[in-house]
Amino acid sequence: MPIDELMIREYLLDNPEFFNRYPELLLAMRVSHHERGTVSLVEKRQDLLRSRVTQLEEEITSLMKIATENEKIFRFNSALSLSILKCENLGELRQVLSEQLKGQFGFTHVRLITVHDIDSELANIWRQRIQQGFYFGRLTQSESKRLFGSEVGSVALTKLSDENGQVIFGVASADAAHFHPEMDHLFFKQIRDLLDHMLPKF
């Protein structure tokens with residue numbers, strides 16, 4: 001009766017103490033190694049464990065970088081929110097938005113734009129680009145010039161609530177890859193919600 005390798009595999013998985021009972025097998029059995037030729041199972045397992053430790057260390061480092069970046073964004077957003085709440089008119093609010101977002105992230109443009117249906121190009125951007133509430137990515141040359149006055153790399157667009165009319169909040173980066181469709185929109189949602197709160201006051 002031929003040996004069923006899958007059954008052996010399942011047995012070893014179900015009995016992880018098997019090689020503890022028969023330690024001589026670990027040294028007797030050999031497996032190929034692409035760099036060192038043939039090695040024992042003990043050496044192979046050590047290599048796998050070292051590789052796994054390295055992988056975990058890289059994942060932890062990546063998570064720490066993300067956490068650090070998220071903390072920076074949280075602190076910036078908190079400071080920006082306080083500055084916006086102190087604004088006494090729309091011009092001051094525009095200035096605070098532009099100076100702080102450009103200063104922190106190097107954005108090339110920051111805009112609050114009111115859309116009128118008579119302006120067909122802006123109206124199309126309103127209806128098509130930000131139909132779902134947010135748009136992250138690239139624009140056509142014509143759209144870029146209409147929204148920001150010049151060509152840009154990539155943009156983040158969101159529309160304010162209907163209570164404020166048809167208003168677009170948009171920022172642009174010179175980097176074509178900075179904004180992309182898979183981005184999380186929480187940061188811009190928080191700014192949008194604050195703008196929704198402030199604009200009716202002016």
Side-chain angles (χ1 to χ4, degrees), residues 62-63 65-202:
S62 177
L63 288 173
K65 288 181 179 178
I66 293 172
T68 299
E69 188 63 28
N70 285 342
E71 182 180 2
K72 288 181 181 179
I73 292 175
F74 171 77
R75 291 181 180 276
F76 168 78
N77 211 10
S78 297
L80 176 64
S81 298
L82 288 175
S83 297
I84 289 177
L85 289 170
K86 293 177 182 177
C87 292
E88 297 182 354
N89 55 63
L90 184 57
E92 191 176 337
L93 184 146
R94 290 179 185 273
Q95 183 177 356
V96 165
L97 272 178
S98 181
E99 289 180 353
Q100 296 200 23
L101 287 170
K102 288 180 179 179
Q104 179 70 19
F105 301 106
F107 296 146
T108 56
H109 301 80
V110 179
R111 294 282 191 272
L112 272 177
I113 304 169
T114 300
V115 179
H116 300 287
D117 288 334
I118 195 172
D119 188 328
S120 60
E121 193 164 17
L122 270 182
N124 284 335
I125 293 172
W126 172 270
R127 296 189 188 99
Q128 298 174 16
R129 288 293 188 186
I130 49 178
Q131 184 179 14
Q132 304 302 318
F134 293 91
Y135 175 77
F136 296 96
R138 303 186 65 178
L139 297 175
T140 65
Q141 184 181 71
S142 176
E143 289 172 330
S144 294
K145 289 185 176 181
R146 184 63 191 87
L147 282 172
F148 301 106
S150 64
E151 290 186 56
V152 296
S154 57
V155 303
L157 305 176
T158 184
K159 55 183 179 180
L160 303 192
S161 68
D162 293 339
E163 295 177 1
N164 288 304
Q166 296 184 150
V167 179
I168 297 173
F169 168 55
V171 299
S173 170
D175 182 358
H178 186 89
F179 294 111
H180 52 85
E182 292 76 28
M183 286 186 70
D184 182 87
H185 59 246
L186 178 61
F187 174 63
F188 286 95
K189 180 180 183 302
Q190 291 172 337
I191 298 178
R192 183 196 67 183
D193 291 346
L194 188 58
L195 294 175
D196 275 335
H197 171 74
M198 290 297 294
L199 260 60
K201 299 179 181 295
F202 304 140

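Keep in mind it's a predicted model, so treat the numbers as computed, not measured.
When every heavy atom of Phe202 is checked against every heavy atom of Cys87, the shortest pair comes out as CE2-O, 3.8 Å. A pairwise comparison of heavy atoms in Thr108 and Lys102 identifies O-CE, 3.4 Å as the closest pair. Pairing each heavy atom of Leu101 with each of Phe187, the nearest pair is CD2-CZ, 4.1 Å. Pairing each heavy atom of Glu143 with each of Glu121, the nearest pair is N-OE2, 3.9 Å.
Between atom CD of residue Glu151 and atom OG1 of residue Thr140 there is a gap of 9.5 Å, rounded to the nearest 0.5 Å. Rounding to the nearest 0.5 Å places CD of Gln190 at 10.5 Å from NE2 of His185. Atom CD1 in Ile125 sits 8.0 Å away from atom CD1 in Ile130 (nearest 0.5 Å). Distance check: Gln131 CD to Trp126 CH2 gives 12.0 Å after rounding to the nearest 0.5 Å. Note that the CD1 atom of Ile73 and the OG1 atom of Thr68 stand 11.0 Å from one another [nearest 0.5 Å]. The OG atom of Ser144 sits 8.0 Å away from the CD atom of Gln141 when rounded to the nearest 0.5 Å.
With a 6.0 Å radius and a threshold of 12 heavy atoms from other residues, nucleotides or ligands, Ile118 has its CD1 atom at or below the threshold.
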Verdict with reasoning, Leu80 to Leu194, per side chain to side chain contact (heavy atoms under 4.5 Å, CB included): CA-CA 10 Å; Leu80 176 64; Leu194 188 58; 5.8 Å; no

Leu160/Leu199 under side chain to side chain contact (heavy atoms under 4.5 Å, CB included): CA gap, chis, key distance, verdict: CA-CA 10 Å; Leu160 303 192; Leu199 260 60; 3.5 Å; yes

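Considering His109, Lys145, Arg138, His178 as possible partners of Val152, the one that fulfils the side-chain contact (heavy atoms from CB on, under 4.5 Å) test is His109. Each of Thr158, Leu112, Asp196, Leu195 was checked for a side-chain contact (heavy atoms from CB on, under 4.5 Å) with Val167, and the lone residue meeting it is Leu112.
Taking 4.0 Å as the cut-off between side-chain N and carboxylate O, Glu71 and Arg75 count as a salt-bridged pair.
A side chain to side chain donor-acceptor pair (under 3.5 Å) check over residues 78-90, counting only residues at least two apart or in different chains, returns the pairs Ser83-Gln100. Counting only residues at least two apart or in different chains, ring pair (Phe, Tyr, Trp, His ring centres under 6.0 Å) contacts with residues 67-86 comprise Phe76-Phe105.
Inter-residue side-chain proximity for Arg129 and Leu139 is flagged as met; some heavy-atom pair is nearer than 4.5 Å. Using a 4.5 Å cut-off on side-chain heavy atoms (C-beta onward), Arg146 and Leu122 make contact. Contact of the His197 side chain with the Leu85 side chain is registered, since non-hydrogen atoms from C-beta on lie closer than 4.5 Å. Counting heavy atoms from C-beta on, the side chains of Ile191 and Leu97 come closer than 4.5 Å.
Applying the side chain to side chain contact (heavy atoms under 4.5 Å, CB included) criterion to Ile66, with sequence neighbours excluded, gives Ser62, Asn70.
For Arg192 (side chain) and Phe169 (main-chain N/O), no donor-acceptor pair under 3.5 Å exists by modelled atom type.
Proximity of the aromatic rings of Phe179 and Phe107 is defined here by a centroid distance below 6.0 angstrom, and this criterion is met.
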